[in-house]
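Let me begin by presenting the structure, written as structure tokens, before commenting on it.
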Amino acid sequence: MAALARMLAPSRLPRLVGGLWNRTAASTAESVPSPSPLQMVPQEEEEKVTSPSRVGERAAFAVWKGAPISPRKLNLVAALVRGLGVEDAMIQCNLLPKKAARMVEKVVQSAASNAVHNHGLEKEKLFVKEAYVGKGIYLKRISIHGRGRAGVMHKKRANLTVVVKEADEPQKLRVHLVKPANERKRKGFHWEGEAFEDPSA
């Protein structure tokens, strides 16, 4: 006990701790260096594996939840682009003077971008495989009625999902683009047609 007390004396304790620390540091330095908490530990790089799409192979999708429009109005435009190529669907949406056409155009463009950038598909071969509309969460608001009464107003919302798929061959345009009237050449009494003589002359 006396020997242990002399070893743990306050005067010898710093030297004892310092010796233990030096021996421990030397042993760890020879084996594996301890990483600093301020530095990133180098790790082996793993191969990046892309997860398969939820809609199958060679396909991608885009969703718009809570679109501020009724499902019936949105489905009228979504039905027009089903089965069309991506370029045809974009042209069809641009020609329609409807609010729903702008929404469908954005979702089709987003789905095509997902297919090209995330799945490596070719944009020229993409077509709209599915375009379906679901009912969203309707918002309830106060509707003021006469004689001090009030009712409930429903602000309708819709969910739009567009699925594009890659075909075996590039999609051909079905929509024939016609030049504006001021850019066409007039031949006789027809635009871009065969000239004929005026019978009244």
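With rounding to the nearest 0.5 angstrom, the NE2 atom of H119 is 11.5 Å from the CD atom of E57. Expressed to the nearest 0.5 Å, how far OG of S143 lies from NE2 of H154 amounts to 10.0 Å. For the atom pair CZ (R82) and CG (N75), the distance works out to 5.0 Å, reported to the nearest 0.5 Å. From E130, atom CD reaches atom NZ of K165 across 9.5 Å, with rounding to the nearest 0.5 Å. Note: I91 CD1 to L84 CG = 10.0 Å, rounded to the nearest 0.5 Å. The CZ atom of R58 sits 8.0 Å away from atom CG of L121, with the distance rounded to the nearest 0.5 Å.
Among all heavy-atom pairs drawn from I142 and A150, the shortest one is CG2-CB, 4.2 Å. In terms of heavy atoms, A112 sits closest to V164 at N-CG2, 4.3 Å. Taking both residues in full, the closest heavy atoms of A78 and V104 are given as N-CG2, 4.3 Å, listed atom of the first, atom of the second, then distance. V81 approaches V128 most closely through the heavy-atom pair O-CB, 3.3 Å. Minimum interatomic distance between L126 and Q171 (heavy atoms only, all atoms of both residues): O-CG, 3.6 Å. Annotation for V133 and A158: closest pair CG1-CB, 4.1 Å, computed over non-hydrogen atoms.
Applying the salt bridge (charged side-chain N to carboxylate O under 4.0 Å, His left out) test to pairs two or more places apart or on separate chains, those with a residue in residues 103-113 are R102-E105. For residues 117-128, the salt bridge (charged side-chain N to carboxylate O under 4.0 Å, His left out) pairs, not counting sequence neighbours, are E122-K125.
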Could you go through residues 61-69 and list every donor-acceptor pair under 3.5 Å that involves a side-chain atom there, pairing it with any protein atom two or more places apart or in another chain?
none

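Between the side chain of N94 and the backbone N or O of M90 there is at least one donor-acceptor pair closer than 3.5 Å. No side-chain donor-acceptor contact under 3.5 Å links R141 to the backbone of K155.
When each of T161, V162, L74 is paired with V107, the side-chain contact (heavy atoms from CB on, under 4.5 Å) condition holds for V162 and for no other.
Other residues, nucleotides and ligands contribute only 12 or fewer heavy atoms inside 6.0 Å of the CD1 atom of I137.
For the pair K129 and F127, the cation-pi criterion (under 6.0 Å, within 45° of the ring axis) is not fulfilled.
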